[in-house]
Undergrad: 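Input: one structure, supplied below.
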Amino acid sequence: MSLFNGLNISATGLTANRLRMDVVSSNIANANTNRAELVDGEWMPYRRKTVELSTADASPFAKHLSSAMGQNAAGGGVKASAIREDQTPFPVTYNPDHPDADAEGYVRTSNVDPIQEMVDLMSATRSYEANVTAMNASKSMFMKALEIGK
């Protein structure tokens with residue numbers, strides 16, 4: 001296990017949570033967008049996006065080196081494996097005067113729920129802060145180890 005594994009794992013967490021915050025901010029910014037993409041000649045509202053996270057494996061070289069030294073390969077942290085669109089149906093409201101209304105007077109709106117987005121943003125922010133705290137703790141331990149060596 002490398003001395004910097006903890007820092008590397010925290011760095012992957014910081015990167016993943018920054019991406020989560022970026023996607024959430026994009027969702028909030030487009031919450032009222034009724035014309036996001038053209039599908040089969042028809043405008044579709046903005047569809048909420050979510051980030052899928054998974055564990056990041058150690059590099060193949062690190063795995064082979066660890067096995068050659070008789071050690072277990074440490075995990076590589078976390079990575080964003082995909083950004084997926086939420087497939088929940090679009091909410092429909094009756095507004096025949098709206099320019100995007102269909103023949104029956106219904107308007108499809110974005111499936112972004114601002115409350116859910118704020119909860120996701122708070123979760124990503126807390127995870128980001130936890131990774132910063134872990135990085136600072138590692139840095140502090142490195143500094144103490146250097147002081148011991150004097």
Side-chain angles (χ1 to χ4, degrees), residues 1-63 66 71-146:
M1 182 169 183
S2 170
L3 183 66
F4 296 105
N5 269 0
L7 289 176
N8 292 337
I9 291 170
S10 292
T12 63
L14 291 173
T15 303
N17 285 301
R18 182 185 48 90
L19 177 64
R20 285 179 60 202
M21 288 187 272
D22 288 345
V23 169
V24 167
S25 64
S26 174
N27 288 342
I28 292 171
N30 290 296
N32 296 320
T33 303
N34 288 338
R35 294 183 181 187
E37 65 178 320
L38 193 60
V39 176
D40 297 330
E42 186 178 357
W43 283 102
M44 301 298 285
Y46 178 81
R47 193 172 285 280
R48 177 179 185 257
K49 293 176 178 45
T50 58
V51 177
E52 186 176 296
L53 300 177
S54 63
T55 57
D57 294 330
S59 69
F61 176 75
K63 286 182 182 179
S66 296
Q71 300 173 351
N72 290 334
V78 67
K79 67 177 179 179
S81 56
I83 297 177
R84 302 202 188 277
E85 290 186 344
D86 186 0
Q87 296 301 316
T88 58
F90 294 116
V92 179
T93 57
Y94 182 73
N95 187 357
D97 297 329
H98 195 279
D100 294 329
D102 61 10
E104 298 172 358
Y106 290 99
V107 179
R108 284 182 293 195
T109 57
S110 176
N111 63 350
V112 175
D113 179 15
I115 295 171
Q116 178 64 44
E117 297 305 317
M118 291 306 294
V119 170
D120 289 348
L121 184 62
M122 289 172 59
S123 171
T125 303
R126 297 289 188 252
S127 296
Y128 190 92
E129 291 171 353
N131 280 294
V132 168
T133 301
M135 263 186 146
N136 287 337
S138 294
K139 188 174 86 172
S140 175
M141 286 188 284
F142 295 154
M143 295 304 292
K144 291 292 183 185
L146 288 173

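Model, not experiment: these values are computed from the prediction. Values below: every heavy atom of this structure, side chains too, minus hydrogens, waters and symmetry copies. Numbers here are sequence positions counted from 1.
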Undergrad: Any heavy-atom pair between the side chains of M118 and I28 that's under 4.5 Å?
TA: yes
Undergrad: For atom OH of Y106, is the number of surrounding heavy atoms from other residues, nucleotides or ligands below 6.0 Å larger than 12?
TA: no
Undergrad: Examine distances only and state if a side-chain atom of S81 and a backbone atom of E52 form a donor-acceptor pair shorter than 3.5 Å.
TA: yes
Undergrad: If you look at every heavy atom in K49 and N27, which pair is closest and at what distance?
TA: O-ND2, 2.7 Å
Undergrad: Do the side chains of Y46 and V112 get nearer than 4.5 Å, heavy atoms only?
TA: yes
Undergrad: Between S123 and V119 (side chain of the first, backbone of the second, donor and acceptor by atom type, cut-off under 3.5 Å), is there such a pair?
TA: no
Undergrad: Stepwise, does the salt bridge (Lys or Arg N to Asp or Glu O under 4.0 Å) test hold for D120 with R20?
TA: CA-CA 8 Å; D120 289 348; R20 285 179 60 202; 5.5 Å; no
Undergrad: Taking all non-hydrogen atoms of both residues into account, name the closest pair between N111 and R48 and its distance.
TA: OD1-N, 2.7 Å
Undergrad: Would L14 and M135 satisfy side chain to side chain contact (heavy atoms under 4.5 Å, CB included), going step by step from the backbone distance to the final call?
TA: CA-CA 10 Å; L14 291 173; M135 263 186 146; 3.5 Å; yes
Undergrad: Considering residues, nucleotides and ligands other than D100, do more than 12 of their heavy atoms fall under 6.0 Å from its CG?
TA: yes
Undergrad: Under 6.0 Å from the six-membered ring centre of Y128 and within 45° of its axis: does the NZ or CZ of R18 meet both?
TA: no
Undergrad: Indicate yes or no for a side-chain donor-acceptor contact from R47 to the backbone of D86 under 3.5 Å, with no hydrogens or angles considered.
TA: yes
Undergrad: Can you confirm whether more than 12 heavy atoms, excluding those of R35, are under 6.0 Å from its CZ atom?
TA: yes
Undergrad: Is it true that a side-chain atom of T12 and a backbone atom of V78 form a donor plus acceptor pair closer than 3.5 Å?
TA: yes
Undergrad: Using side chain to side chain contact (heavy atoms under 4.5 Å, CB included), reason through L19 and L53 one step at a time and then give a plain yes or no.
TA: CA-CA 10 Å; L19 177 64; L53 300 177; 6.0 Å; no
Undergrad: For the residue pair S10 and K139, establish whether any side-chain heavy-atom pair is separated by less than 4.5 Å.
TA: no
Undergrad: Measure from the side-chain N and O atoms of T125 to the backbone N and O of L121, and report whether any donor-acceptor pair falls under 3.5 Å.
TA: yes
Undergrad: Using a 3.5 Å distance criterion without hydrogens, assess whether the side chain of S138 forms a donor-acceptor pair with backbone atoms of L7.
TA: no
Undergrad: Would you confirm whether S25, through its side chain, and M21, through its main-chain N or O, come within 3.5 Å as a donor-acceptor pair?
TA: yes
Undergrad: Nearest 0.5 Å, what's the CZ-OG1 distance between R108 and T93?
TA: 11.5 Å
Undergrad: Out of curiosity, R126 CZ to N17 CG, how far, rounded to the nearest 0.5 Å?
TA: 12.5 Å
Undergrad: One pair to check against side chain to side chain contact (heavy atoms under 4.5 Å, CB included): T109 and N34. What are the steps and the verdict?
TA: CA-CA 6 Å; T109 57; N34 288 338; 3.9 Å; yes
Undergrad: Only counting residues at least two apart or in another chain, list the ones meeting side chain to side chain contact (heavy atoms under 4.5 Å, CB included) with D113.
TA: I115, Q116
Undergrad: So which heavy atom on M44 is nearest to which on F90, and how close?
TA: CE-CE1, 3.6 Å
